[in-house]
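As a basis for the values below, the full set of heavy atoms in this structure was taken, side chains included, without hydrogen atoms, waters or symmetry mates.
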Amino acid sequence: MSLSARERSTIDLDRYSDYLNGRQRRARISHAIFLAILVVAVAALATLLYTVINDSFGLTAVVNETDPEVVIEEAGYDPATVTFTDLSRVQLVDVLAGGITRNVGRRLEREQRFFEDRLVFEGPAEWDAICAAEEPPTGCNAPARDRGSIIALVEERLVQPTVVATYDLVPSLLEREAIVAEIAANHPDARVEFRSWLSAGFVTKPQSANPQVAGVRTALLGSLWVIGVTIVFSVPVGIGAAIYLEEFAPRNRISRFIQTNINNLAGVPSIIYGMLGLAVLVRGLGPIMSGDSGSGRTVLAAGLTLGLLILPIIIIASQEAIRAVPNSLRQAGLALGATRWQTVRSHILPAAFPGVMTGTILAVARAVGETAPLIVVGASTFITTDPTSIFSKFTALPIQIYQWTSRPQDEFRNIAAAAILVLLVLLLTLNGAAVILRNRYSRKA
């Protein structure tokens with residue numbers, strides 16, 4: 001029996017209604033799933049930030065081997081009116097020299113000199129012989145210690161503060177009385193203080209084996225030097241390669257082969273780039289990478305290694321940004337008599353600049369947090385000398401954090417958390433500057 005037109009219309013409408021309801025139901029399920037994923041991601045990020053902040057502040061129990069007042073009094077000053085910060089560089093060095101052995105002083109001076117124009121623990125002839133060796137100590141080429149570094153040495157070597165107990169932020173705020181009572185019972189000689197492991201002194205002090213006086217200045221400067229070299233190398237090369245591949249390279253097998261390998265290189269593990277940097281830059285090109293330092297394990301080698309790591313990312317992101325520019329813009333420029341390069345320079349690049357900068361920001365953000373390539377290339381795990389050139393030995397914030405988290409003492413975990421906050425601030429600062437630059441040129445374009 002045949003159906004009438006009205007009946008067929010009713011059946012089609014019912015089918016369409018069922019189909020529409022099914023799509024809406026699947027859409028609601030997908031929305032709920034994606035919302036749950038977002039909630040989990042935000043919760044994980046919040047947990048990470050909570051853990052880091054909770055470890056960066058809190059009560060501590062500190063015991064000094066010698067009180068600072070006693071050190072000042074033994075040096076001939078009045079502790080009632082004078083502190084370490086009131087003393088000059090010469091006075092601080094005299095205080096330090098009076099409290100350590102000559103052998104310790106010679107080791108410290110070989111790490112980094114106390115004065116530019118004179119020696120304290122070494123004789124001139126012996127110093128010249130040491131610096132003429134095949135691998136001279138860092139003190140031969142590094143600048144003299146600043147006043148803050150000498151104060152940190154005095155505190156570390158003479159006062160010798162020791163953290164005997166640490167407490168996280170939340171217990172310190174909610175259970176302060178119980179914690180104070182526990183410290184008084186277990187460590188009667190200790191003083192209780194609320195400590196911010198992240199402080200101005202933490203940022204300006206060099207690394208130390210004593211977490212009480214350790215800082216991240218050397219690692220922070222090392223990260224800035226390495227990232228500077230990385231940006232100077234990878235950004236121009238990456239953008240230039242993307243321009244050539246998109247605008248000038250012929251569409252043949254060679255260009256497709258190059259493109260395929262660039263895509264593959266973007267997925268290579270970072271440790272492989274570290275091995276490449278070690279084999280080619282540190283060992284193969286060691287004399288070029290080392291300058292006067294006598295070792296290829298320098299800022300330059302590390303920066304170029306990280307540059308190779310993020311180069312494929314910058315190329316791919318820049319290609320996508322250039323490819324997104326309407327082809328009519330190219331045709332208009334060429335129709336007005338402009339050369340292909342003039343069209344790219346004056347029309348294509350300004351239009352693609354926001355996308356290029358977005359890819360560059362993501363690539364540099366990855367480089368800032370990389371640890372494995374730097375370990376392979378030879379970043380120092382303990383160094384107190386600030387890098388002063390691209391040929392300096394170095395460490396970096398990720399290396400410093402890794403080294404501290406491997407220590408068994410709780411206080412190293414606290415300063416590692418503080419260093420993570422410094423790294424986050426550095427990353428946000430670099431990204432913020434890049435975003436401002438991108439938006440500025442985007443408006444001009």
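Between Arg191 and Asp67 there is no salt bridge, since no side-chain nitrogen of the basic residue lies less than 4.0 Å from a carboxylate oxygen of the acidic one. The pair Arg106-Glu109 does not meet the salt-bridge criterion, since no charged nitrogen lies less than 4.0 angstrom from a carboxylate oxygen. A salt bridge between Glu155 and Lys205 is present, with a side-chain N of the basic residue lying under 4.0 Å from a carboxylate O of the acidic one. For the pair Glu126 and Arg110, the salt-bridge criterion is met [side-chain N within less than 4.0 Å of a carboxylate O].
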Before giving the answer on side chain to side chain donor-acceptor pair (under 3.5 Å), spell out for Ser270 and Glu370 the whole-Å C-alpha distance, their side-chain angles and the decisive distance to 0.1 Å.
CA-CA 8 Å; Ser270 60; Glu370 280 294 342; 3.2 Å; yes
I would like to know whether Trp225 and Thr230 meet side chain to side chain contact (heavy atoms under 4.5 Å, CB included); could you show each step before the answer? CA-CA 9 Å; Trp225 273 98; Thr230 300; over 6 Å; no
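Both the sub-6.0 Å distance and the 45° axial angle are satisfied by Arg145 relative to the ring of Phe114.
With sequence neighbours left out, Thr371 forms a side-chain hydrogen bond (donor to acceptor under 3.5 Å, both in side chains) with no residue at all. With sequence neighbours left out, Arg113 forms a side-chain hydrogen bond (donor to acceptor under 3.5 Å, both in side chains) with no residue at all.
Asn263 and Thr260 share no donor-acceptor pair across their side chains, judged by distance under 3.5 Å alone. Counting only N and O atoms by type, the side chains of Ser208 and Glu156 include a donor and acceptor under 3.5 Å apart. Between the side chains of Ser149 and Arg217, a donor-acceptor pair is found at a separation under 3.5 Å. Residues Gln160 and Gln212 bring no donor and acceptor atom of their side chains to less than 3.5 Å of each other.
Residue-environment remark: OH (Tyr402) stays at or below the threshold of 12 foreign heavy atoms within 6.0 Å. At most 12 non-hydrogen atoms from other residues, nucleotides or ligands lie less than 6.0 angstrom from CZ of Arg283.
Leu304 approaches Val229 most closely through the heavy-atom pair N-CG1, 4.1 Å. Smallest separation of non-hydrogen atoms from Ile314 and Ala363: CG1-CB, 3.6 Å.
The list of disulfide (SG to SG under 2.5 Å) pairs with a residue in residues 97-181, not counting sequence neighbours, reads Cys131-Cys140.
In this structure, Glu122 contributes its side chain and Leu119 its backbone to no donor-acceptor pair below 3.5 Å.
Looking only at side-chain heavy atoms (C-beta outward), Ile243 and Ile348 stay at 4.5 Å or farther from each other.
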